Every structure is written in structure tokens, then in C-alpha cells.
Number of protein chains: 2
Amino acid sequence: MPTRSQTQTAVLGALSIHPMTGYAVRENIRDVLGHFWSESFGQIYPTLAELEREGLVERQEPEHPRSAPFSATAAGLEKLRELLREPPQSAKPRNGLLLRLFFGRQLGANECRELIEAARSQAEVQLAELGAERRSLVEQPDLDKDAPFILLTIIAGEHGARATIAWADDALAILDEMLPA
Amino acid sequence: MPTRSQTQTAVLGALSIHPMTGYAVRENIRDVLGHFWSESFGQIYPTLAELEREGLVERQEPEHPRSAPFSATAAGLEKLRELLREPPQSAKPRNGLLLRLFFGRQLGANECRELIEAARSQAEVQLAELGAERRSLVEQPDLDKDAPFILLTIIAGEHGARATIAWADDALAILDEMLPA
DNA sequence: CGCTACATGTAAGGTGTTACATGATTCC
DNA sequence: GGAATCATGTAACACCTTACATGTAGCG
């Protein structure tokens, strides 16, 4: 119920794809889930320790090698399915760009234009990155069972980025029309 | 610099439009900024007290009436402009829906379809609400100076909602194609 | 042999939510 | 007079980030 379990979801989910170290969990969350999820270092290790205590994950060679990967146990996979079935809770919205634009009168139309153009550029970069990710996804042979689901998240990002670009163009036109420089 | 100042930004911004009580600040943030911002009760009152200590806001009739509205001082407006000029920082992404879909193999295609359809419905409701808001915006005479900027945030929400609807349709098609029931 | 990347963890501090507590005013 | 709404605040707790601390392994 608390948001903490969403960290558990992300960590268990990562280990459900294949076993890996805590360090790799962090890199995967950053690089693969990065466009819609984030976890910090200080969350991942305590969560792994907690999951190990509860028997939901285990390490290959108990103790010795410092780099023994964690893997999800059967109970862990069951727990993951249970967590995934809970209603999705998204973070409270906090869009710093829109907050600035809402009070844009104080900021001035020109500074607003700059903010919008910066957001547009960023969205174009993201669109290119996600396109590359999508193309490389179809070449991965080992993920075929997960691929359709991963694809859903990539195209969500692409739709979002294209919406940002279209919005930016509309927004700049509105400023030009209503507040000519 | 800390995120705390973004709460200051929202509160000062609300008071920059017109004076109001803390209670009204909260209602306005929820109802007007709601689709891209949120602040909780426990943030707003301490922030108002802090702003008052710093001379950035003041109450009309000092002390007596419990319902004396706060208003931004000249220093408060200056501070607001300063805060607005700081680079926008958005919350770390945490999309519970996409997290579930990414690990959708564990959840099953049918439960994923339900999640996507629910998101689509929600986006349609939001699109309708924002459309109504946009139409009522042009009828407000007292906001004409702020109206162009408010319009930018409304159409941002509309673009986002339309993107969610288009994505949902694509996503359902992908599931039907790659994982026929 | 030194630098970078891998690997694990802790502690402090900041942010934000929730629940609780209190009272005035207004409307029925 | 009672219920809903307006109004203000606090305290406990959950959450998350950052910086620090430590050590190993591999590579040039």
C-alpha cells in the first residue's frame, strides 16, 4: 500500500527478467526504465536486504563472492504478481515548466518562449533516443517474451514526446499571436 | 534550490493573482493547477508562515479576523520573479502504469488490456474537463493579463491527454497482434 | 601502478503526506 | 441546534536523495 512497495515492484521486476547484482539493478532501472521510473541508490540496497530477509530474493553462492547476483525466488515472483495487481499509483504531478508558464506574466513572454523551446529540444532528443531503443528491441533474441510489453512503454514515451513537440509549436504560436514581441 | 522553493513559487504565484486565505490557496492549487501541480495542506501553512516572517506576504488587517487574506508584498513579487527564473525542476518520473506494463508478462495480457483501457477512459475525462476549462477561460474578464499563460498550461494538458488516448489505441492493437487472446 | 568501473552499504537531512486537533461561520 | 464548510495549525511518519565510507577487479 505505501509507495515503498513500488520500489519493491521495480526491484523484483528487474530480477524477474534475469539475476543481477544490486549495482546492475540500479543501472538497469536508470537506463531501461529511466524514461518513466527512477530509484536511487539509497533505496535499492535496503530494499534488496528486506527482500532477502523475507525470502523473496536470494544470492547464488551464499556469502562469499561479493559479486554474487540476486535472483528472485518462486515466492518473490508470486509477490511480484501480487504487487503488479495493485492499482497503479502515479506520483503527484509536479511539472516545473508548466508552473513557470502559468505565472508567465511575471516572467515575461520572451523568457517563456525560451523555456518552451528548451522543452521542445529536449523532447526531440528523447524521441530520437526512444526510436533507437525501439529499433534495437526487435533485434534482441533473449527478450522475446518481454518484448511486446517493453514496446508498450517505449511507444508511450514516443507519444508523450511528440505531444510535447506539438504543444510547444502551438504554445509559441499563441504567444506570438496574443503577445506580439 | 531545494524543492521547497517550488512550494514557495506555487504559493507566491497564487497570491500574485489576487489575495486569498491559506485555505483558498490550497483550493486553487488543487482545482486550477491540479492537472500539473500539487501541494498538501501540511506544506502550505508552514510555507505561508515562513513567507510572512520574511516579509514576502502580509495579511490585510493584522491579527484580528481569522479570515484575513494573505497578499504578496512588493518584495514577494520580486522573489517570485526570481524563483520563476530558476531552471524548472520536474519530479523524478514515477509512472505506476508503465511500471506495471513493463513487467506485463507476469501480469498477463488481459490485465494489461484492462489497465490500458482504464488509462484511456481517464484521459478522455481529463480531455473533456480541460476543454471546458479552456472555454470558460475566455469568458473571465479579470484574468485577461494572465489568460494567455494559463491557456498554455491547459493546452499542454490537452495534448498530453490526446497522446495518452492515441497511445492506448496503439498499445491495444500491439497486444492484439503480438499476443492474440 | 594508478585510474576507472564494479560493488555494497550507512547516515543525515530534506520533502511531503496523513491524521489529528481546534474553532468560527454559515446555512438549513 | 446541528451539519457542512471555512480556516489554521501540528506532529508523526514515510519516503527519497545525497554524500560519505569502504573495498575489489580489471585495464592501460
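Since the structure is predicted, the reported quantities are computational estimates derived from the model, not experimental observations. Here is the naming used below: chain letters follow the sequence lines, and residue numbers restart at 1 for every chain.
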(Q) Which residues pass the side-chain contact (heavy atoms from CB on, under 4.5 Å) test with B:A109, not counting sequence neighbours? (A) B:R113, B:L179
(Q) Whole angstroms only, please: what is the CD1-C1' distance between A:I44 and D:dC15? (A) 14 Å
Q. Of all residues at least two apart in sequence or in a different chain, which pass the side-chain contact (heavy atoms from CB on, under 4.5 Å) check with B:Q140?
A. B:D142, B:L143
Q: Rounded off to whole Å, could you give me the CZ-to-C1' distance for the A:R30 and D:dT18 pair?
A: 15 Å
Q) Quick one: is A:T7 getting a side-chain N or O under 4.0 Å of the D:dC15 phosphate, OP1 or OP2? A) no
Q) When Ile, Leu, Val, Met, Phe, Trp and Tyr are grouped by side-chain heavy atoms lying under 4.5 Å apart, directly or through other members, which residues fall in the same group as A:I165? A) A:L127
Between the protein and nucleotides 17-20 of chain C, are there any N/O to N/O pairs under 3.5 Å, and if so, what are the atom names and distances?
unit_1	atom_1	unit_2	atom_2	d
C:dT17	OP2	B:S40	N	3.2
C:dT17	OP2	B:S40	OG	2.6

(Q) Per the side chain to side chain donor-acceptor pair (under 3.5 Å) rule, what does the pair list look like for residues 164-175 of chain B, sequence neighbours excluded? (A) A:H159-B:D170, B:R120-B:D169
Q. Looking at B:F149, does the NZ or CZ of A:R105 lie under 6.0 angstrom from its six-membered ring centre and within 45 degrees of the ring axis?
A. no
What does the list of N/O pairs under 3.5 Å between the protein and nucleotides 3-6 of chain D look like, with a distance for each?
unit_1	atom_1	unit_2	atom_2	d
D:dC6	OP2	B:Y23	OH	3.1

(Q) Just the rounded figure in Å: distance from C1' of C:dG16 to CD of B:E50. (A) 14 Å
Q) Starting at CD of B:Q89 and ending at P of C:dG14, how long is that distance when rounded to a whole Å? A) 15 Å
(Q) From CZ of B:R26 over to C1' of D:dG9, roughly how many Å is that when rounded to an integer? (A) 13 Å
Q) Does C:dT8 have OP1 or OP2 sitting under 4.0 Å from an N or O in the side chain of A:R59? A) yes
Q.
List the residues meeting side-chain contact (heavy atoms from CB on, under 4.5 Å) with A:E78, not counting sequence neighbours, and say none if there are none.
A. A:R81
**Q.** Separation of atom OH in A:Y45 from atom C1' in D:dC15, rounded to whole Å
**A.** 20 Å
Q) CZ of B:R100 to CD of A:E86: how many Å apart, nearest 0.5 Å? A) 7.0 Å
Q. Whole Å only: how far is the CE atom of A:M20 from the C1' atom of C:dT8?
A. 17 Å
Q.
Once ring-ring contact (aromatic ring centres under 6.0 Å, His included) is applied, do any residues pair with A:Y23, and if so which ones, sequence neighbours excluded?
A. none
Q | By side-chain contact (heavy atoms from CB on, under 4.5 Å) - contacts of A:A128 (at least two apart) | A | none
